Each structure stands twice: as structure tokens, then as C-alpha cells.
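Encoded as C-alpha cells, the structure appears first; notes follow it.
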Amino acid sequence: MPEPNSHFPIITARQLHKSFGDVQVLQGIDLDIYGGEVLALLGENGAGKSTLVKLLAGFETLTAGQLELRDLDGSSHSLAADWTIEQAEKRGVVLIHQELNLAEQLNVADNIFLGNELKRGLLLDQKRMLQKSREYLQALNCEVDPSTLVAELAVSAKQLVEIAKAYAKQSRVLILDEPTAVLTNRESEALFILIEQLKQQGVAIVYISHKLDEIERIADRIVVLRDGEMIGTYPASTLSKDDMARLMVGRELSQLFPEIPRPPDSAEVVLELQDACVPGTIRHAEFQLRKGEVLGFSGLVGSGRTALMEAIVGLRRFSEATRLTVKGRQNRYPTLAAARDDGIGYLTKDRKGCGLLLNMSLPFNFSLLALDRFSRGLIDVQKEQAQFEAAVKTFDIRHKDDSLTAGKLSGGNQQKLLLAKIMAAEPDIIIIDEPTRGIDIGTRTEIYRFIAELAGNGHAIILVSSDMLEVIGLSHRVAVMCRGELTGILEGEAIEEHEIMRYATGLKSDLDKQKEPLCA
Amino acid sequence: MPEKYFAAIDLKTAGPFLALIALIVIGMLVNEAFLSTGNLSNILARSSFIGIVAIGATFVITAGGIDLSVGAMAAFISGCMILIMNSLMESIESSVTIILLAILASIGIGALAGLLNGLLTTKAKIEAFIVTLGTMGIYRSLITYMADGGTLSLNFTIGDIYSEVYYGTLLGLPYPVWVFLLVAVVGYILLNKTVFGRHCFAIGSNEQVALYSAIHVDRVKTMTYMLQGVCVSIATIIYVPRLGSASGQTGILWELEAIAAVIIGGTVLKGGYGRIWGTVVGALILTLIGNILNLTDAISNYLNGAVQGIIVIVAVYLQRGAWRKKKH
Ligand SMILES: Nc1ncnc2c1ncn2[C@@H]1O[C@H](COP(=O)(O)OP(=O)(O)OP(=O)(O)O)[C@@H](O)[C@H]1O
Ligand SMILES: [Mg+2]
């Protein structure tokens with residue numbers, strides 16, 4: 001579907017305003033969105049990026065301002081109160097949300113065609129939907145079988161299904177809100193190639209991400225938002241990554257990765273895992289964690305990092321042969337509560353599905369994990385409120401209204417709330433799974449500083465992350481997993497991207513091949 | 001924003017109370033006898049059975065479950081109590097001792113029945129709807145079997161003494177009303193001020209998140225069913241002395257009335273949000289409807305169920321409206 005004339009914007013926005021009740025979230029936004037171009041939206045957590053694209057795609061209604069869409073025949077339409085999701089999709093404006101929105105109990109193909117089902121007569125044309133879905137997924141280099149139930153997919157695969165679903169709608173304007181937050185580099189790469197193709201076909205792309213590398217790589221123009229206001233529109237070629245960060249945050253940023261002093265070899269081993277096996281997922285893993293240490297965990301998606309961590313904290317079962325020693329005592333936790341009581345904290349990577357109660361208030365979420373600390377028979381609401389307010393300061397949880405539910409926070413601020421929730425239990429061994437997913441560069445710096453501080457005063461930290469730079473920048477040692485096995489632990493000079501990849505892909509392994517794997 | 005936000009919440013909270021007031025006004029207009037002390041205390045006493053059961057149901061529903069077995073369970077426990085008391089007559093002198101023993105047994109049976117429902121839903125992982133539909137059938141047929149298809153009657157001597165529990169008063173209010181009030185206060189504190197209550201909210205709103213928040217999900221859910229069982233047994237303890245008998249017809253449709261009271265009161269059927277005072281008001285509203293229809297000729301008494309049905313549907317519709325408005 002070639003665009004008639006890419007000199008005219010497909011969408012023109014002038015002086016957009018949006019408030020929720022009395023709270024102004026966006027003001028005075030001007031945008032021109034052209035076909036065949038990638039327009040990147042940059043801004044801190046809570047700057048209003050998601051809200052802005054929801055306005056464009058009819059998920060929210062404008063408070064004030066003009067929004068115009070130019071149809072294929074060149075005629076313009078003013079989009080007022082009747083701009084709904086259906087309208088937007090019919091006119092070719094499609095949004096991939098920051099949070100996943102799939103019907104978990106339907107299969108992949110049904111999800112991709114949800115609302116646009118292919119029919120033969122009165123009946124659904126299952127065969128064609130499956131076949132088409134397979135094509136769409138292949139365009140993303142995704143191997144998932146379209147007849148799989150979505151509930152059974154990993155988060156990254158779900159995200160790919162979301163993208164395929166949007167792709168299937170043959171849009172004129174495709175909006176992606178942090179699509180790569182849950183993707184691996186390789187998966188992101190496939191997405192960028194697809195974006196390039198769509199661009200060639202004249203599709204307008206609006207792209208939101210906190211990963212500045214990506215912005216530098218694919219954006220043609222960049223719009224920067226700060227606290228709901230437009231800072232400016234810039235040709236991408238004129239901005240360096242440092243410029244982007246500075247414009248977003250409004251000040252110079254300090255060094256991204258702080259120096260974390262390496263604990264001495266004599267430091268106490270607080271956690272030791274031997275002969276670990278989780279039937280069905282983890283075949284072999286052994287490591288030690290010292291006080292004051294940051295141990296990174298790298299690996300491809302599906303390598304079993306999350307499963308291993310969940311087993312350590314009692315959310316999955318280890319085999320009988322597994323030995324877990326925590327602070328000198330041998331222990332396998334039957335429940336997460338037992339692990340928590342032993343001073344272990346676990347930050348899940350699935351913020352929406354496992355982390356926060358989206359329809360509950362912020363203090364409710366904050367205290368949930370450590371509720372016993374706030375209760376002597378009855379819950380001490382004042383103490384809870386006071387500690388919540390302290391946490392809001394410590395973690396800089398930006399919310400404009402105390403009565404908000406967690407789901408109304410911007411994505412990054414949800415992540416900070418989740419971190420606050422884990423820390424409310426005052427763990428001394430902290431396992432964090434993808435801590436900076438969807439977090440802006442300024443906050444990221446703060447979270448890294450926070451990790452450094454924790455390590456500095458004797459906490460032990462396991463950092464699971466798909467962000468290679470993060471793992472390399474923060475860890476004293478890096479454990480690499482490959483297909484359910486911990487294949488090596490790298491130190492010093494060996495902590496380097498290519499070496500990590502060699503272990504992650506199975507090209508290299510320190511495991512004794514002669515030894516029988518402990519379990520299948 | 002805050003103003004509007006609170007307005008929406010207030011409407012939601014106040015809704016059941018407003019409906020209650022409206023019903024009272026209607027009652028007064030319909031018949032002067034409505035306001036008589038006798039009628040009012042009758043209303044309160046009658047609503048206490050459903051009310052107490054519904055308070056238990058508030059916990060179950062808030063934690064995302066459902067219990068359909070309560071009516072049959074009440075009948076079964078009634079039957080057990082009567083059989084126990086009648087058989088103890090031979091071996092124990094004091095009627096009071098016999099009654100106290102029956103009360104203890106009643107609470108034990110209630111808790112066990114709840115435990116059974118709880119374990120079947122959490123450990124055997126069967127949907128609560130199916131489990132309690134099954135146990136409902138079991139208790140219902142057990143009571144019919146125990147009564148041999150007829151009616152079990154409590155021995156007169158004991159019945160006379162025990163009847164004090166239903167008909168006796170304190171400060172002018174019948175004992176059942178005091179029990180109802182006590183259960184409501186304890187229920188309120190438990191649901192709103194304790195860790196257990198918070199955990200119920202959390203589980204009902206997202207079980208997975210609850211699991212990742214170190215909550216003993218299975219244990220808490222099982223406890224809600226046990227609490228429900230105990231509430232049923234408390235309701236039974238004050239119900240048995242009223243009629244002094246039990247049959248296959250005892251407690252019929254109590255489960256639906258209890259669930260209706262909970263929902264009218266503003267608790268969300270799919271879990272995550274519960275309100276004890278709402279439930280209390282819901283139970284009062286249901287009883288009031290029956291009472292007013294009794295006092296008037298305008299609508300046939302036989303239409304009681306229809307009016308209750310309409311009220312439930314309207315109540316839920318209004319709540320949905322309030323939710324939706326709040327969203328935008
Ligand atoms: N429905 C709502 N009601 C009230 N406030 C809201 C609502 N939705 C969003 N907000 C507020 O609007 C602001 C902007 O949120 P938005 O989600 O657009 O941020 P964002 O730029 O996408 O951030 P992130 O990078 O963290 O995803 C936040 O302060 C958020 O709390
Ligand atoms: Mg966002």
C-alpha cells in the first residue's frame with residue numbers, strides 16, 4: 001500500500017493536551033508523523049510517551065488540541081472525540097502497547113487474528129489463519145508454532161506475537177511502545193529488519209525505547225518529552241547518545257556504571273549451590289556467591305536463568321540431589337516465604353504477571369511482601385504509610401496522585417515500585433531479574449548506584465540480565481547459562497561480550513563432558 | 001481529580017446504604033406495622049442467618065473463590081446437631097451441657113466441611129464452583145438420608161431450653177442479632193486490619209502475584225473456606241432453636257441469598273475487593289424485601305424471589321457503572 005505523498009504528514013498533531021482529572025500529563029505537544037520514516041519518542045519514565053501514543057491510537061481521548069489524519073486519497077480528517085480504537089485501526093493506526101495484551105487462553109494464531117478473524121462462509125478459516133500467522137512470525141525470525149497456547153510462551157515470544165499481530169493489520173502508522181524491553185539482541189535485530197522493510201513500503205513508524213543504542217540506529221527524527229512537555233524535535237543524525245540523555249533528563253548525567261569494589265577472597269560465602277537440577281529445566285548448575293559481590297547471570301532467552309533463580313527462592317522444586325547452602329546452613333526452601341525469612345529477596349522480571357497488583361493502591365503493593373513487619377496482630381497503617389513515603393523518596397517513584405492504582409503508574413515507575421516492594425523485606429541476598437527493563441537512562445544510573453551501594457555495605461547480589469553492557473558493567477563475575485546448564489563463570493579480562501556469547505551459545509563450556517549430567 | 005475520585009467511591013460505598021434507606025422509607029409508607037418493634041427485631045433476627053453465612057462468603061469471594069455448598073451444609077449441620085442432642089439425652093443429665101456439646105460439634109463439623117472444600121480446591125486443583133457444587137449435593141442428600149426423607153425433630157425438653165438462644169433478648173435485641181453484630185465486627189477487623197485479610201485481597205486480585213509476594217496462597221484460600229464453614233455453623237447454632245427441626249428443605253437457596261447479599265454489598269464477584277459492612281447491608285436488604293412484600297398486597301408474596309433478583313442485577317449494574325466512570 002504505497003503512501004501517496006510522503007511530503008505531507010500522515011498524522012498532524014497540534015497543541016495536544018491530556019489530563020486525568022486535575023492531573024496534567026501532556027501539554028502543548030506538536031507532532032508530524034510522515035510515512036517512510038521512524039520517529040522516536042524519548043523521555044524519562046512518566047514523561048508521557050505512552051499516554052501520547054495512546055491518544056494517537058484512540059485508546060485515550062484528547063483533553064484539548066487538534067489531531068488530523070490524512071487519508072490515502074489525500075483528504076484530511078480531524079480526529080475528535082469519535083477517535084476510537086476501532087476507528088484508528090480501520091484507518092491504519094496500530095499501537096503495540098508497552099504491556100502485553102494477549103488472550104492467554106487462545107493460541108498464537110487466534111491472537112494474531114483476534115478481531116480480524118479470517119472466515120470461510122460463516123466459519124473461521126483456521127487453516128489459513130495458522131498459515132498466515134506462520135508467515136508473519138517468520139518475518140520476525142520467530143520459530144513459535146502458531147497453534148501453541150499463548151499462556152505457554154515465554155515473555156519474549158509473547159512480545160513477538162504482539163508484533164506479528166500488529167504487522168498482520170497492514171497498518172499505515174505502526175506505533176511500538178518499548179517493543180524490545182523483553183527481547184534479546186537477536187530478536188530485536190529481526191524486528192529492526194522488519195521495521196526497515198515497512199519503512200521502505202512507506203509505513204510511518206513511531207518508536208519508543210529507553211535503549212539509546214536502538215534509537216541511534218533506527219530513528220530518523222527524535223522527539224524529546226520531559227514531564228509532559230515537548231523539549232524539541234531533532235534530526236537523529238544531529239544527536240549523540242549523550243545529547244539524548246541530557247535532553248531527556250535535563251541535566252548532565254554522571255558515569256553510568258559506578259565502581260563497585262571487589263570483595264576480598266576471604267569474604268564470607270553466603271550462598272552456595274551444588275549439583276543443582278530442576279527436573280525439566282535445569283540440568284546442571286554450581287556457583288558460589290560472596291558477601292559484597294555482584295554475580296552477573298548471562299545467557300540467551302530460554303537458557304534457564306529465571307528457572308534457576310525461582311528454584312533457589314522456593315518458587316520451583318530442585319531435585320533431591322541439589323545442595324543449597326545459605327549462610328552456612330544447608331537448606332532448600334519449600335516456599336518463597338521461607339526464602340524471604342532467610343533474607344533472600346527476588347525481583348521477578350514479569351512485572352505485570354507476577355510482580356504488582358495493578359488494580360491495588362501503591363502502599364498496598366509496597367508492603368505486600370513484608371506485611372508481617374507492619375503487623376502486630378493488626379496492621380499498623382501509619383507505619384506502612386510512613387515507610388511507603390520514605391520508599392517513594394528513596395526510589396524516586398513518580399506519581400502525581402496518591403490515590404493511583406499501580407497499573408496507572410508509568411512502566412518505569414512500576415518497576416521502581418516493585419524494587420521498593422522487594423527491599424521492604426530488607427533482604428541481604430538479592431536476586432534481581434532484569435532490573436532495568438523499561439527504565440529510563442537517568443533512573444538506570446540511579447538503580448546502578450543503588451546496586452553498588454548495596455554491594456558496598458555487604459549485600460550479596462545476583463544480577464540476571466539480558467542487557468550485556470549492564471552485566472559487564474556491574475558484575476565482579478559473570479555466570480553464563482546455556483540450555484539449562486551453567487557452562488562457565490567468567491572473571492576479570494574474560495568478562496567480555498564475545499566470550500560471554502561463546503558460552504551462551506554453547507561453543508564453549510567448562511563443564512566436564514565426561515561426567516554424566518545429573519538429570520535430564 | 002481527587003474530588004471526582006472520591007465522589008465515585010462514595011457513590012459506590014454509599015449505594016447499598018442508600019438502597020437500604022429507600023427500602024425502609026417504602027416499608028414505612030406501605031404499612032404502619034413495619035416500624036413496630038416486633039417487626040423490626042424480627043427483620044434483624046431473620047437477616048442474621050443469611051448475614052452470618054454471607055460474612056463468611058465475603059472472605060471466600062474476596063479471595064477469588066466461591067462456595068455453593070453453604071445451604072446444604074447448614075442443613076447437614078442442623079441434622080447432626082439434632083441427632084447428637086437427641087442421642088446424648090440418654091447419657092447426660094444436664095440439657096445445657098448437651099447443648100454446649102452440640103454447639104462445639106457444630107463448629108467442628110463446619111470447620112471440617114470448609115477444610116474439605118478448601119483442600120479439594122487448592123490441593124486437588126479443582127475449580128471451586130465444581131467442588132462446592134459436588135459437596136452441596138453430598139450434604140443435601142446426607143440430610144435427606146439422615147431424616148429418612150422426612151423431618152428430624154429436636155427433643156422437646158432440650159428444645160425448650162435451647163429456644164432461649166433464638167427467642168431470648170439482650171437490651172431489647174434478640175440474641176441472633178448480637179451474634180450477627182459480633183461476627184460482623186470480627187469479620188471486619190479480620191478482613192480490613194490483618195495480614196490475613198490483605199492476603200485475601202491480594203489472592204483474589206491476582207493469584208500469581210500473591211505467590212510471588214511470599215503469600216501461602218493455598219493455606220489462605222483453605223482458611224477462607226474454613227471460615228465460611230464456621231460461619232455456617234454459627235448461623236446453624238442460632239437457627240436450630242428457631243424451628244427445632246431439620247429436613248431436606250432446610251437452608252434451601254441460602255447459598256444464592258448469601259452470594260446475593262455479598263454482591264449487593266459491593267464485593268466484586270471475581271475477587272480482589274470485599275466489604276463486610278456492605279455484606280451486612282446486603283443481607284438486611286434481602287430480608288427487608290421479603291418483609292415488605294409480606295406487609296403489602298400490591299405485589300404477591302410469591303414474587304419475593306423475582307424482586308430480590310431484580311435488586312441484585314440493578315445493584316451490580318450500578319457498581320459496574322461506577323467502575324467504568326472511574327476509569328475515564
Ligand atoms: N489513567 C491514568 N490516570 C492517572 N494518571 C495516569 C493515567 N495513565 C497515566 N498516568 C500518569 O501519566 C504520566 C505519564 O505516564 P506514561 O505512561 O505516559 O509515561 P511514559 O513516558 O510512557 O513512561 P515509561 O517510560 O515509564 O513507560 C505518569 O505520571 C502516570 O502516572
Ligand atoms: Mg510508557
Side-chain angles (χ1 to χ4, degrees), chain A residues 19-24 60-61 310 313-315 333-341 344-348 350-361 364-365 367-381 384 400-408 418 421-422 424-425, chain B residues 1-10 12-13 62-64 122 127 185-221 267-274 319 322-328:
Chain A
S19 32
F20 295 99
D22 293 340
V23 183
Q24 274 265 349
E60 299 277 5
T61 45
E310 292 193 346
V313 299
L315 287 163
Y333 300 111
T335 60
L336 180 60
R340 174 200 60 193
D341 295 341
I344 304 185
Y346 174 61
L347 184 112
T348 166
D350 187 358
R351 176 167 77 210
K352 187 183 181 187
C354 303
L356 294 175
L357 295 171
L358 298 181
N359 53 358
M360 291 294 182
S361 73
F364 189 107
N365 274 288
S367 61
L368 196 57
L369 179 69
L371 209 46
D372 289 330
R373 290 171 176 261
F374 299 97
S375 157
R376 260 172 304 162
L378 301 185
I379 294 171
D380 184 346
V381 184
E384 183 188 24
K400 302 195 166 165
D401 185 339
D402 264 344
S403 58
L404 280 190
T405 53
K408 298 260 166 72
L418 185 56
K421 169 181 164 180
I422 306 305
Chain B
M1 164 96 188
E3 232 170 79
K4 242 190 189 158
Y5 182 83
F6 287 118
I9 279 291
D10 269 349
K12 219 165 106 54
T13 322
T62 301
T122 57
E127 282 87 352
V185 170
V186 173
Y188 175 78
I189 293 173
L190 205 54
L191 187 62
N192 295 290
K193 310 266 178 206
T194 69
V195 172
F196 172 72
R198 284 276 179 99
H199 286 177
C200 290
F201 278 86
I203 293 170
S205 111
N206 186 334
E207 218 174 296
Q208 197 68 11
V209 174
L211 206 62
Y212 278 73
S213 304
I215 294 173
H216 298 286
V217 172
D218 286 355
R219 193 189 298 169
V220 172
K221 276 165 80 177
T267 295
V268 178
L269 186 57
K270 65 181 193 335
Y273 183 71
Q319 279 168 20
W323 278 116
R324 208 168 287 149
K325 251 179 244 129
K326 214 184 80 193
K327 253 179 149 173
H328 286 277

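Both backbone and side-chain heavy atoms feed into the values below; hydrogens, waters and symmetry mates do not. Source: prediction; values computed, not measured. Below, chains carry the letters A, B, ... as their sequence lines are ordered, and counting in each starts from 1.
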With a 3.5 Å distance limit and no angle check, can you tell me whether B/Arg198 reaches the backbone of A/Phe364 through a side-chain donor-acceptor pair? no

Do side-chain atoms of A/Lys421 reach the backbone of A/Gly355 as a donor and acceptor pair under 3.5 angstrom?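 Between the backbone of A/Gly355 and the side chain of A/Lys421 there is a qualifying donor-acceptor contact (under 3.5 Å).
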
Using non-hydrogen atoms and a 4.5 Å limit, figure out which bit of [X] sits close to chain B: side chain, backbone, both or neither.
{"X": "A/Phe374", "answer": "neither"}
{"X": "A/Leu357", "answer": "both"}
{"X": "A/Ser367", "answer": "side chain"}
{"X": "A/Lys352", "answer": "backbone"}
{"X": "A/Ile422", "answer": "neither"}

Give me the ring orientation class for B/Tyr273 and B/Phe201: parallel if the planes are under 30° apart, tilted from 30 to 60°, perpendicular past 60°.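 Aromatic pair B/Tyr273/B/Phe201 classed perpendicular.
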
Got A/Leu371 and B/His199 here, is their nearest side-chain heavy-atom distance under 4.5 Å?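 They are in contact (side-chain heavy atoms under 4.5 Å apart), so the answer is yes.
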
Look at [options] and state which one has the largest set of heavy-atom pairs under 4.5 Å with chain B.
{"options": "A/Asn359, A/Leu369, A/Ile379", "value": "A/Ile379"}
{"options": "A/Cys354, A/Ala337, A/Gly314", "value": "A/Cys354"}
{"options": "A/Asp350, A/Asn365, A/Asp380, A/Leu315", "value": "A/Leu315"}
{"options": "A/Leu336, A/Thr335, A/Thr348", "value": "A/Leu336"}
{"options": "A/Ser375, A/Ala370, A/Gly353", "value": "A/Gly353"}

Just jot down the side chain to side chain contact (heavy atoms under 4.5 Å, CB included) partners of A/Ala339, sequence neighbours excluded, or say none.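 Scan of A/Ala339 (side chain to side chain contact (heavy atoms under 4.5 Å, CB included), adjacent residues dropped) gives A/Val313, A/Tyr333, A/Ile344.
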
List the residues meeting side chain to side chain contact (heavy atoms under 4.5 Å, CB included) with A/Asp402, not counting sequence neighbours, and say none if there are none.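 Residues passing side chain to side chain contact (heavy atoms under 4.5 Å, CB included) with A/Asp402: A/His399.
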
Considering non-hydrogen atoms only, spot the tightest contact between B/Lys221 and B/Ala63 and give its length.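 What the structure gives for the nearest pair is CG-O, 4.5 Å.
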
Specify the closest pair of heavy atoms between B/Gly274 and B/Thr62, including all atoms of both residues, with the distance to one decimal. CA-OG1, 3.3 Å

Using non-hydrogen atoms only, which part of B/Ile215 is less than 4.5 Å away from chain A: side chain, backbone, both, or neither? side chain

